[in-house]
Novice: 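What follows is a structure written as C-alpha cells; I'll ask about it next.
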Amino acid sequence: MTTTTASTPAVTEDDEPTRPKDTGDPFDQDVLPTPPGATAALLRSLLAPMKARTGLTVLLLLLQQAAVQAGPLLVAYAIDRAVPAFRDGRDGPLVAVGAGYLLCALASGALQFAFIEASARVSQDVLLDLRGRIFRHAQALSVDFHERYTSGRLISRSTTDVESLRELLEEGLQELVTVVLSFVYISAMLLWLDLGLGAVAVASFVPLYLLVRLYQRRAGRVYRARSTAIAAVIVKFVETMNGIRPVRAFRREAANESEFAVLNQRHERTNGDALLEMARYVVGSRLVANTAVAGIVLWGAHRVASGSLELGVLAAAVLYLRRLYDPIDRLGMFLNSYQSAAASLEKIAGLLAQTPSVPEPARPRELPAPKGGFPGREVVFDGVRFAYRTGGEVLPRFDLTLPAGQTVAVVGTTGAGKSTLAKLLARFYDPSEGRVLLDGTDLRELSVPELRRGVVMVTQEAFLFSGTVADNIAIGRPDATREEIEQAAKAIGAHEFISALPDGYDTDVRKRGGRISAGQRQLVAFARALLADPAVLILDEATSSLDVPGERAVQRAMATVLRGRTAVVIAHRLSTVEIADRVLVMEHGRIVEDGHPDELIAGTGRFADLHKAWRDSLA
Ligand SMILES: Nc1ncnc2c1ncn2[C@@H]1O[C@H](COP(=O)(O)OP(=O)(O)OP(=O)(O)O)[C@@H](O)[C@H]1O
Ligand SMILES: [Mg+2]
C-alpha cells in the first residue's frame with residue numbers, strides 16, 4: 001500500500017487493511033513526539049478546576065484514617081487499664097472502650113462513604129473533560145494527521161487510556177493516600193507507645209522502600225509494553241473491520257487471523273509479565289513484613305516477661321504492624337495503576353500536543369458579497385507547490401485562474417494530481433509554497449464559516465452519517481426547512497428513490513431497510529451540496545458510482561447545481577466533460593492542455609485522443 005487519501009474509493013487495493021510493519025513514521029507509534037512537561041501540564045490543567053473538591057476528599061480520608069487507626073489504641077487501653085479496673089469492680093472504663101470502638105467504626109464507615117462519593121465525582125468530571133478534549137482535538141486536527149494516525153489509535157486513546165486514568169483516580173489515589181496516611185499514623189502511634197518497637201517497625205521501611213523502587217522500575221517497563229500491546233490489538237481490530245470489504249474481496253481472513261493471533265499473544269505475554277512482577281513484589285514485601293513482625297513478637301515477649309513492657313502495648317503493636325503491612329500489597333496495586341495511567345497520559349498528552357497543520361487564521365477575514373449577482377467566485381492558484389509529508393512533490397509549480405462561474409473539467413492519468421488540486425482548493429492541506437485565492441483572499445485567512453460557505457467538495461465516497469436521509473441532506477445547511485431539503489432532492493432527481501424508502505425522508509440510513517446504494521448515496525451527497533449553495537463546488541469522481549441512465553439524470557441536475565458557481569469537475573468519464581466550459585488535462589502535476597472542450601476535441605492533443613477512444617468505446 002502506498003497512499004491512502006481522504007477520498008479513497010470504498011473498495012480498492014488501496015483499502016488493503018494490512019499496514020507496513022514499521023515505516024519509521026512517528027505517527028505509526030502510539031507515543032507521538034511530545035514537548036517536555038506536556039504530560040504534567042495536562043494533569044495540572046485537568047485537576048486545576050477541582051482544587052477545592054480534591055482538598056475536601058483528602059480531608060475526608062484523613063478523618064477516616066484517624067477513626068480507623070484508633071482501634072488498636074483502644075485495645076491496648078482495654079487490656080492494660082479497663083480489664084484490671086473491671087476486675088476491681090469498676091465497669092465504666094470497659095463500657096467507654098466498647099462505645100468508643102463502636103463510634104470509631106461508625107464514623108469510619110460514614111467518612112469512607114462520603115469519601116468514595118466525593119472522589120468519584122472528581123474523577124468523573126476529570127474524565128468527562130478529558131474525553132471531550134480528545135474528541136474536540138482529534139476532530140480539529142488536519143486531514144494529513146488522520147491519514148497517518150489511524151482511527152484505531154484514536155479509539156484506544158479515548159477508551160483504554162482514559163480508562164486507565166480512571167482506575168488511577170478512583171482506586172489508585174485512594175490506595176496511595178490510605179497507605180501513606182496509615183504509615184504516618186501507625187509509625188507515630190508505635191513510637192509513642194514504645195520507642196524501641198516503633199524504631200524496629202520504622203527500620204523495616206528501608207527494605208520495603210527499596211523493594212517498591214525496584215518494582216516500580218521493572219513494572220514501568222512491563223506496563224508500557226502491555227499498553228502498547230493492547231493498542232496494537234485494537235488498531236488491528238478496527239482496521240480489519242473498517243476494511244471488511246477488501247478483506248472479503250481478497251480473501252484476507254486467514255492471513256488477518258494469524259496476524260491478529262500474533263498481536264493477541266503478545267498482549268497475553270505482556271499481561272503475564274505484569275502479573276509476574278506483581279507476584280514477586282507481593283511475596284517480597286510479605287517476607288519483609290513477616291520477618292519484622294516475628295522479630296517484634298520475640299523481642300516484645302522477652303520484655304513483657306522481664307516486666308519492661310505491658311502486654312496491652314505489645315498486643316497493640318502487633319495489631320498495628322499487621323495494619324501497617326497489609327496496605328503494602330495495595331501499594332503495589334497503586335503503583336500498577338500509576339504506571340499504566342502515566343503511560344496512557346503520556347500518549348494522550350502527545351495527541352493533544354499536536355497542532356493542526358492547517359491552522360485557523362489568527363485574524364479571520366470575511367469575503368465581500370460575490371460580484372455579478374451569482375454565487376460563483378474567482379479561484380486563483382498562485383505559484384502553488386505542494387508535496388505530501390511522505391513522498392515527493394506532487395504539484396511542482398502550479399498557476400491557474402478560474403474566473404467566477406466557470407465550470408472546469410479536469411482530466412488526466414491516474415496519480416496526475418487532480419485530487420490533490422481539489423483538496424488544496426478545499427483547504428484540506430495548505431500549499432508548501434504559494435497561495436490559493438478565493439476572490440483575491442488567501443484561503444489561509446478565511447474564517448471557518450466563510451470557507452465552509454465558500455468551497456464544497458463532493459467525493460466518490462459520499463459518506464453518510466448516522467441519522468435520517470433528511471438529516472444527511474441538511475448537513476449542507478443545518479437551518480434548512482424540510483421544504484428546502486425536498487426541493488434540493490427534487491432538483492437532483494433523488495426525490496423518487498427517497499420517497500420509495502420505508503420512511504421516506506425520515507428513513508434511518510444505518511437501519512435495516514434504510515440501506516441505500518452507492519449511486520443513491522451520491523445523489524444524497526449532491527443534494528447536500530446543492531443545499532449548501534457554495535461559491536465553488538468541487539466534484540471529484542462524484543458521478544462514478546452512477547449507472548448510465550442515472551448519470552444522464554445527474555448530468556441534467558448537475559447543470560442546475562453548477563449554474564452560476566465556479567466548479568471543478570474531476571471525472572474519468574468523458575460524458576461529464578460535455579457540460580464544461582473549459583477542460584484542463586493534467587499530467588505529473590502540470591497542466592498540459594487547457595481549452596474549450598470543442599476546441600480540444602477538434603485539435604490533435606491528448607484530450608482529442610482520449611475523446612476519440614471514448615467515442616469509439618460507445619459505438
Ligand atoms: N495522502 C497522501 N499522502 C502521500 N501521497 C499522496 C497522498 N495522496 C496522494 N498522494 C500522491 O500524490 C500523487 C497525486 O495523487 P492524486 O490523488 O492527486 O492523483 P489523481 O490525479 O487524483 O489520481 P486519480 O485519477 O487516480 O484519482 C500520487 O502520486 C499519489 O501517490
Ligand atoms: Mg483522484
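Below, all heavy atoms of this structure are taken into account, side chains as well, without hydrogens, waters or symmetry copies. For ligands, and for the atoms within them, numbers begin at 1 and follow the listed sequence.
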Novice: For a side-chain contact (heavy atoms from CB on, under 4.5 Å) with Ile485, tell me which candidate from Ile473, Asp471, Val469 qualifies.
Specialist: Ile473

Novice: Output yes when a side-chain donor or acceptor of Arg477 lies under 3.5 Å from a complementary backbone atom of Ala474, and no otherwise.
Specialist: no

Novice: From the options Gly417, Ala422, Gly392, Ala571, select the one whose nearest heavy atom is closest to atom 19 (O) of ligand 1.
Specialist: Gly417

Novice: At under 4.0 Å between heavy atoms, which part of Thr420 makes contact with ligand 1: side chain, backbone, both or neither?
Specialist: both

Novice: Check whether the ring centres of Phe260 and His267 lie less than 6.0 Å apart, and answer yes or no.
Specialist: no

Novice: Can you establish whether the number of heavy atoms outside Phe497 located under 6.0 Å from its atom CZ is more than 12?
Specialist: yes

Novice: Decide whether an N or O pair under 3.5 Å exists between Ala416 and ligand 1.
Specialist: yes

Novice: Which part of Lys418 is near ligand 1, with near meaning a heavy atom under 4.0 Å away: side chain, backbone, both or neither?
Specialist: both

Novice: So that I can check it, does any N, O or S atom in Ser419 come closer than 2.8 Å to the Mg ion (ligand 2)?
Specialist: yes

Novice: Test your reading of the structure: does Val394 have an N or O sitting under 3.5 Å from an N or O of ligand 1?
Specialist: no

Novice: Could you name the option among Leu395, Val411, Thr414 that has the heavy atom nearest to atom 26 (O) of ligand 1?
Specialist: Thr414

Novice: By number and element, which atoms of ligand 1 are closer than 4.0 Å to a non-hydrogen atom of Glu147?
Specialist: 1 (N)

Novice: Does even one non-hydrogen atom of Gly415 get within less than 4.0 Å of ligand 1?
Specialist: yes

Novice: Would you confirm whether Arg528, through its side chain, and Asn472, through its main-chain N or O, come within 3.5 Å as a donor-acceptor pair?
Specialist: yes

Novice: Answer yes or no: is there a donor N or O on one side and an acceptor on the other, between the side chain of Ser344 and the main chain of Leu165, under 3.5 Å?
Specialist: no

Novice: With a 6.0 Å cut-off on the ring centroids, do Phe386 and Phe398 count as close?
Specialist: no

